[in-house]
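The basis for the numbers below is simple: all heavy atoms, side chains too, and nothing from hydrogens, waters or symmetry mates. A, B, ... follow the sequence lines: proteins, then strands. Residue 1 opens every chain. In this text, all values refer to a predicted model and were calculated from it rather than measured experimentally.
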Amino acid sequence: MIENDVEILPKAFFLNKDVTEIARHLLGKIIVTYINGEYTSARIVETEAYDGTVDKACHAFPNKITRRTAVMFSEGGRSYVYLCYGIHHLFNIVTQEEGIPKAVLIRAVEPLAGKEIMKRRRNCHHDRQLTNGPGKAAQALGISTLHNDVILYQKNGMIYIGCEMNNLKFEINVSTRIGVDYAGEDAKLPWRFYIKNNPNVSKQ
DNA sequence: CAGAGGATCCTCT
DNA sequence: GAGGATCCTCTGA
């Protein structure tokens with residue numbers, strides 16, 4: 001896959017829709033990164049929605065602005081990258097108009113361009129373990145907290161989201177989100193979406 | 001300013 | 001499947 005095959009998603013894609021709908025529609029889309037002079041791209045195969053207005057699992061709940069969550073309150077189409085367990089950098093896409101804190105976590109991707117670069121970044125020689133989790137996907141794509149609050153709808157940036165010219169067909173599975181048991185009842189929300197039978201999904 | 005805990009991953013067994 | 005790594009963020013005083 002080369003860069004010209006990818007059409008960039010406009011800012012409007014990230015606004016004015018339910019965050020779970022955006023999480024669904026992000027499946028099959030492409031993350032392109034151009035970081036440290038290295039070009040990589042990957043297809044999104046697993047996402048989770050987080051809604052800071054109603055959802056205890058969201059860092060910004062309940063509409064709480066802190067240094068970390070501030071970017072979630074900005075206009076949709078930006079990155080929210082945070083450090084998880086002191087080790088892993090998790091990549092999210094902020095959605096909605098300014099002031100409404102909702103985001104989509106990218107939980108797994110399928111490598112397209114730059115697979116060897118990803119293997120080197122991950123120090124990983126097995127395809128199965130390369131990008132099948134949120135920390136792994138971000139690391140493979142070269143994304144870290146350095147790339148927090150980055151605009152995702154312009155092609156001259158470090159990261160953008162695109163779609164392929166000829167869209168592939170796939171079935172979508174829905175489940176509860178992973179690792180949010182602390183959120184009580186909200187842990188039961190069916191806000192995880194993934195491409196059925198895709199081998200890069202973190203957990204079928 | 002100390003303490004607790006986490007949207008995970010890797011390495012064992 | 002269990003446990004440790006590792007450090008930032010938030011809380012409460």
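- One interatomic measurement links the two molecules: NE2 of A:H89 to P of C:dT9, which rounds to 11 Å at whole-angstrom precision.
- A close approach under 4.0 Å does not occur between any side-chain nitrogen or oxygen of A:K203 and OP1 or OP2 of B:dA7.
- Atom CG in A:L146 sits about 12 Å away from atom P in C:dC8, given to the nearest Å.
- The residue among A:V180 and A:R122 whose nearest nucleotide of DNA chain B lies closer to the 5′ end is A:V180.
- The residue A:K56 sits apart from the nucleic acid: no heavy atom pair falls under 4.0 Å.
- Of the side-chain N and O atoms in A:R67, none sit less than 4.0 angstrom from OP1 or OP2 of C:dC8.
- Under 4.0 Å is where a charged nitrogen must lie from a carboxylate oxygen, and between A:D127 and A:K119 at least one such pair does.
- Both tests do not hold together for A:R177 against A:F193: distance to the six-membered ring centre under 6.0 Å, angle to the ring axis within 45°.
- Looking at DNA chain C, the stems built from 3 or more consecutive Watson-Crick or G-U wobble pairs, each pair with its key distances under 3.5 Å, are B:1-6 with C:7-12, B:8-12 with C:1-5.
- A:R192 comes within contact range of no nucleotide atom at all, as no heavy-atom separation falls under 4.0 Å.
- Of all the residues in residues 130-144 of chain A, A:G133, A:P134, A:G135, A:K136 reach under 4.0 Å from DNA chain B with at least one non-hydrogen atom.
- In this structure, A:L105 atom CG and B:dA7 atom C1' are separated by 6 Å, rounded to whole Å.
- Rounded to an integer number of Å, the gap from NE2 of A:H126 to P of B:dT11 is 9 Å.
- Among the protein residues, A:R68 comes within range of the sugar-phosphate backbone only, with heavy atoms under 4.0 Å from sugar or phosphate atoms but none that close to a base.
- A salt bridge links A:E75 with A:K11; the closest basic N to acidic carboxylate O contact falls under 4.0 Å.
- Among the protein residues, A:L90 comes within range of the sugar-phosphate backbone only, with heavy atoms under 4.0 Å from sugar or phosphate atoms but none that close to a base.
- For the pair A:L189 CG and B:dA7 C1', the interatomic distance rounds to 14 Å; values are reported in whole Å.
- Under the 4.0 Å criterion applied to side-chain N and carboxylate O atoms, A:E48 and A:R107 are assigned as salt-bridge partners.
- Between A:H88 atom NE2 and B:dC9 atom C1' there is a gap of 4 Å when expressed in whole angstrom units.
- Tested against A:N198 for a side-chain hydrogen bond (donor to acceptor under 3.5 Å, both in side chains), the candidates A:E110, A:Q204, A:R43 yield a single pass: A:E110.
- Side chain of A:D186 to backbone of A:K56: a donor-acceptor contact under 3.5 angstrom is found.
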Could you run down the sub-3.5 Å N/O contacts of the protein with nucleotides 2-6 of chain B?
unit_1: B:dG6; atom_1: N2; unit_2: A:G86; atom_2: N; d: 3.4

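- Between A:H59 and A:Y82, the ring planes lie perpendicular to each other; the angle is over 60°, past the 30° to 60° tilted range.
- Atoms CD (A:Q129) and C1' (B:dT11) sit 12 Å apart, rounded to a whole Å.
- The distance from atom CD1 of A:I106 to atom P of B:dT8 is 14 Å, rounded to the nearest whole Å.
- Ion pair A:K203/A:E46 not flagged as a salt bridge, since none of the NZ, NE, NH1 or NH2 atoms sits closer than 4.0 Å to an Asp/Glu carboxylate oxygen.
- Ion pairing between A:D181 and A:K188 fails under the 4.0 Å rule for side-chain N and carboxylate O.
- With respect to the salt-bridge test (charged N to carboxylate O, under 4.0 angstrom), the residues A:E7 and A:K155 do not qualify.
- At a threshold of 4.5 Å between side-chain heavy atoms, the hydrophobic network of Ile, Leu, Val, Met, Phe, Trp and Tyr places A:I31 and A:F14 in one connected group.
- Note on A:Y80: it clusters hydrophobically with A:V180, by side-chain heavy-atom contacts below 4.5 Å among ILVMFWY residues.
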